[in-house]
Amino acid sequence: MANFLNPTQHAKIARMLDKSINIPFVSSDREADIFLKVARVIDEKVESRLPDELLAGLNAPEIRVADIVAQALRENLVPMLEGMLTLPFLPADIKRRLLEVVVDYLVRAMAENTTLDDELDAFLSTV
């Protein structure tokens, strides 16, 4: 699997982050560019560490991970990604919050009868 997210999902994640997180002293246009790049890097890093069987649940509502697996992902993905992503232009607290938000959406899509697109679309339609 080259990437588990498609370009539309990258863009949706970037828009979701743009609506959820503010990077001080960075224009909205530049924030959008940063968030798109971050979404692509998260895609690459998560895809390289998680089995395809888990990632398949992001786009197939009938594929669900067990609650214990979802909890492990919530506990472990953020610290793992924090160590893997070099984002020297982001303060540590913003980097952590950004990762928490993305991981929450990923795990929700894997653990519930929904897809990542459904979760992101639901959020984006309310803002």
Side-chain angles (χ1 to χ4, degrees):
M1 192 178 275
N3 293 94
F4 70 94
L5 299 174
N6 61 50
T8 301
Q9 289 169 322
H10 290 153
K12 287 179 183 180
I13 289 172
R15 284 196 318 271
M16 180 269 300
L17 289 171
D18 194 36
K19 301 295 182 189
S20 303
I21 295 172
N22 181 49
I23 303 173
F25 308 110
V26 176
S27 73
S28 184
D29 289 342
R30 292 205 186 243
E31 272 187 351
D33 291 341
I34 289 169
F35 291 141
L36 184 57
K37 288 176 184 174
V38 167
R40 290 176 180 149
V41 171
I42 289 172
D43 180 6
E44 175 188 317
K45 299 301 182 188
V46 170
E47 191 278 329
S48 73
R49 297 298 191 272
L50 293 184
D52 292 346
E53 294 78 11
L54 292 179
L55 298 175
L58 291 168
N59 296 311
E62 68 279 1
I63 300 174
R64 293 182 59 205
V65 300
D67 291 343
I68 193 165
V69 173
Q71 185 59 37
L73 289 168
R74 282 188 180 94
E75 291 172 5
N76 297 315
L77 267 180
V78 172
M80 179 193 81
L81 289 169
E82 273 185 307
M84 294 174 75
L85 298 179
T86 305
L87 304 170
F89 50 86
L90 289 179
D93 60 324
I94 292 176
K95 176 182 172 182
R96 180 162 188 87
R97 179 68 187 129
L98 178 150
L99 293 173
E100 289 170 344
V101 169
V102 173
V103 166
D104 182 59
Y105 276 87
L106 296 177
V107 173
R108 228 180 313 151
M110 287 183 206
E112 299 175 10
N113 289 338
T114 187
T115 66
L116 181 59
D117 284 316
D118 291 342
E119 289 292 320
L120 292 169
D121 290 344
F123 173 82
L124 292 170
S125 70
T126 64
V127 291

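Residue numbers count from 1 along this sequence.
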request  = Only counting residues at least two apart or in another chain, list the ones meeting salt bridge (charged side-chain N to carboxylate O under 4.0 Å, His left out) with Glu100.
outcome  =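 Expected list: Arg96, Arg97.
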
task = For Lys12, check salt bridge (charged side-chain N to carboxylate O under 4.0 Å, His left out) against everything at least two apart and list the hits.
result = Asp117, Asp121

Minimum heavy-atom separation for [X] and [Y], please, with both atom names.
| X | Y | value |
| --- | --- | --- |
| Val103 | Arg74 | CG1-CA, 4.4 Å |
| Ser125 | Ala122 | OG-O, 2.9 Å |
| Thr115 | Ala60 | CG2-N, 4.1 Å |

query = Taking atom types as modelled and ignoring hydrogens, do the side chains of Gln9 and Asp43 form a donor-acceptor contact shorter than 3.5 angstrom?
reply = no

Distance, nearest 0.5 Å, that separates CD1 of Ile23 from CZ of Phe35 =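 Going from the CD1 atom of Ile23 to the CZ atom of Phe35 covers 4.0 Å.
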
inquiry  = Are Leu58 and Ile63 connected into the same hydrophobic cluster when the rule is that any two of I, L, V, M, F, W, Y join if their side-chain heavy atoms are below 4.5 Å apart?
reply    =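 No: no chain of side-chain contacts under 4.5 Å links Ile63 to Leu58.
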
ask   = What about Ile42 and Leu36, same hydrophobic cluster or not, with Ile/Leu/Val/Met/Phe/Trp/Tyr joined at side-chain heavy-atom distances under 4.5 Å?
value = no

ask   = Does atom CG of Asp93 have more than 12 heavy-atom neighbours from other groups under 6.0 Å away?
value = yes

query = Does the side-chain contact (heavy atoms from CB on, under 4.5 Å) test come out yes or no for Leu5 and Leu116, once each step is laid out?
reply = CA-CA 9 Å; Leu5 299 174; Leu116 181 59; 3.3 Å; yes

Are any non-hydrogen side-chain atoms of [X] and [Y] less than 4.5 angstrom apart?
| X | Y | answer |
| --- | --- | --- |
| Val102 | Leu77 | no |
| Leu99 | Leu85 | yes |
| Leu50 | Phe4 | no |

Pairs satisfying side chain to side chain donor-acceptor pair (under 3.5 Å), at least one member in residues 13-33, at least two apart =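 Of all non-adjacent pairs touching residues 13-33, none passes side chain to side chain donor-acceptor pair (under 3.5 Å).
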
